Amino acid sequence: LATGPRQKNSVFYEIRTYDIKPSKMKDFVELVDKYFHLRTAHSELVGFWSAELGAMNKVVHVWKYEDFAHRTAVRQALAKDKDWQGKFISAALPLMEKQHNEVAYLVPWCQIGKPSKEGGVYEWVTFQMKPGGPALWGEAFRAAVNAHINTGYTKLIGVFHTEYGLLNTVHVIWWNENADHRAAGRHSAHEDARVVAAVRDSVRFLESQRNMLLIPLPCSPLK
């Protein structure tokens, strides 16, 4: 079953995850720094990060599209862009081990947030929920997210649920000033009775979860 309600427009987000060969990560980042403006000329990049903790030699980037026709037009234009194909794609593909993409919508009660300042770290948390969608677990999940927001130690950037890819998957992106600030905030949250109660209610619908600490690349609009 799909994850259900989304925002009342056709906008969606493509989440692309690349595993880079361990010996080639530096080369890949340098290639992105040099040529990624060729890609962002075609459509809106939300964020581009490399994994620091929770995964290695992995990058994640998120793209915004107005609808599926928009994505099709962008992909067709990219295929015809000789600079993009010649300068970036031909050089980047040998550096990669694996590519993965998902299509996701923002949940109805969330907008893309922005950090209060540049230079922080992002936590990407992926929740695999039980089939049934928000009709089953939506209220409990939202309450758990809000409980963490209300502690004040972290900033919510976005909550996405999948439409293509592994269904009933929810991705939550948080921002913190640094990894130590995040660690201290989590410690306090785990001792907060309100957070504990909300998480206990939500976890009834959880099958698994995984997180990564991400560092934005220079080309990322979310820094």
Side-chain angles (χ1 to χ4, degrees), residues 6-7 9-20 25-26 28-55 57-68 70-75 77-78 81 83-84 87-89 91-92 95-96 99-126 145 149 154-163 165 170-179 181-182 211-223:
R6 57 183 175 87
Q7 299 203 0
N9 55 46
S10 58
V11 172
F12 68 86
Y13 298 82
E14 183 175 7
I15 301 167
R16 299 180 72 93
T17 305
Y18 298 164
D19 288 333
I20 310 302
M25 189 66 181
K26 181 176 181 292
F28 181 84
V29 171
E30 290 177 349
L31 195 65
V32 169
D33 287 345
K34 188 173 182 179
Y35 291 120
F36 218 64
H37 66 280
L38 299 173
R39 175 62 184 86
T40 54
H42 288 273
S43 65
E44 182 180 347
L45 175 66
V46 175
F48 198 136
W49 304 269
S50 63
E52 181 72 12
L53 298 172
N57 303 300
K58 187 184 295 288
V59 298
V60 183
H61 38 126
V62 179
W63 299 90
K64 180 180 178 180
Y65 293 102
E66 297 303 317
D67 52 31
F68 287 97
H70 178 212
R71 182 184 184 276
T72 297
V74 169
R75 301 303 296 176
L78 287 169
D81 187 328
D83 278 345
W84 172 246
K87 294 179 180 179
F88 184 84
I89 294 297
L95 309 180
M96 300 181 192
Q99 295 175 287
H100 175 71
N101 79 330
E102 298 169 279
V103 165
Y105 294 107
L106 277 173
V107 296
W109 43 269
C110 174
Q111 298 292 334
I112 297 289
K114 292 187 177 181
S116 57
K117 60 182 180 180
E118 294 184 2
V121 296
Y122 291 77
E123 183 179 11
W124 184 291
V125 190
T126 298
V145 169
I149 294 173
T154 188
K155 166 73 175 178
L156 179 66
I157 301 299
V159 181
F160 305 84
H161 61 88
T162 55
E163 182 74 8
V170 183
H171 300 289
V172 183
I173 308 174
W174 302 95
W175 177 87
N176 286 280
E177 291 185 14
N178 53 57
H181 182 261
R182 181 262 179 197
N211 72 339
M212 297 184 291
L213 190 74
L214 304 177
I215 306 298
L217 296 187
C219 69
S220 178
L222 286 173
K223 294 196 182 339

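We number each residue from 1, following the sequence as shown. Just so we're clear, the structure is a prediction, and the values are computed from it rather than from any experiment.
Residues meeting the salt bridge (Lys or Arg N to Asp or Glu O under 4.0 Å) test with D67, sequence neighbours left out: none. Under the rule for a ring-ring contact (aromatic ring centres under 6.0 Å, His included), H42 has no partner lying at least two apart in sequence or in another chain. L53 meets the side-chain contact (heavy atoms from CB on, under 4.5 Å) test with L213; sequence neighbours excluded. Residues that satisfy the side-chain hydrogen bond (donor to acceptor under 3.5 Å, both in side chains) test with D19, not counting sequence neighbours, are K58. Every side-chain hydrogen bond (donor to acceptor under 3.5 Å, both in side chains) that R39 has, sequence neighbours left out, goes to S43, Y65. Take E118 and apply the side-chain contact (heavy atoms from CB on, under 4.5 Å) test, not counting sequence neighbours, and it matches K223. The side-chain contact (heavy atoms from CB on, under 4.5 Å) test applied to T40 returns F36, H37, L45, W63, not counting sequence neighbours. With sequence neighbours left out, the side-chain hydrogen bond (donor to acceptor under 3.5 Å, both in side chains) criterion links W124 to T126, H171. Legend: residues meeting salt bridge (Lys or Arg N to Asp or Glu O under 4.0 Å) with E14, ordered by chain and number and at least two apart, are R16, R71. Here F160 pairs with Y13 under the ring-ring contact (aromatic ring centres under 6.0 Å, His included) rule; sequence neighbours left out. With sequence neighbours excluded, the residues satisfying side-chain contact (heavy atoms from CB on, under 4.5 Å) with P115 are Y122, I157, W175, L222. With sequence neighbours excluded, no residue satisfies salt bridge (Lys or Arg N to Asp or Glu O under 4.0 Å) with R75.
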Q: For the pair C219 and H61, evaluate side chain to side chain contact (heavy atoms under 4.5 Å, CB included) and give the outcome as yes or no after the intermediate values.
A: CA-CA 10 Å; C219 69; H61 38 126; over 6 Å; no
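The minimum heavy-atom distance between V121 and A179, with the atom names listed, is CG2-N, 3.9 Å. Smallest separation of non-hydrogen atoms from V32 and L217: CG1-CD1, 4.2 Å. Residues G158 and C110 share a closest heavy-atom pair of CA-SG, 3.7 Å. Minimum interatomic distance between I15 and A104 (heavy atoms only, all atoms of both residues): CD1-CB, 4.0 Å. Across all their heavy atoms, G120 and P216 have their closest contact at O-CD, 4.0 Å. Annotation for S10 and E66: closest pair OG-O, 2.6 Å, computed over non-hydrogen atoms.
Of the inter-residue distances, the one linking Q111 atom CD with L156 atom CG reads 11.0 Å to the nearest 0.5 angstrom. Between the CD atom in E52 and the CG atom in L214 there is a gap of 9.5 Å [rounded to 0.5 Å]. Remark: N57 CG to M96 CE distance equals 13.0 Å, nearest 0.5 Å. Rounding to the nearest 0.5 Å places OG1 of T162 at 6.0 Å from CD of E102.
With T154 contributing its side chain and N176 its backbone, the two residues share no donor-acceptor pair below 3.5 Å. A donor-acceptor pair under 3.5 Å is formed between the side chain of S220 and the backbone N or O of F48.
Under the 4.5 Å side-chain criterion, counting only non-hydrogen atoms from C-beta, K64 is in contact with V11. Taking 4.5 Å as the limit, some side-chain heavy atom of W174 sits within range of a side-chain heavy atom of V145. Taking 4.5 Å as the limit, every side-chain heavy atom of Y35 sits out of range of all side-chain heavy atoms of D83.
Taking the six-membered ring where tryptophan is involved, the planes of F28 and Y18 are perpendicular, since the angle between them exceeds 60° and thus also 30°.
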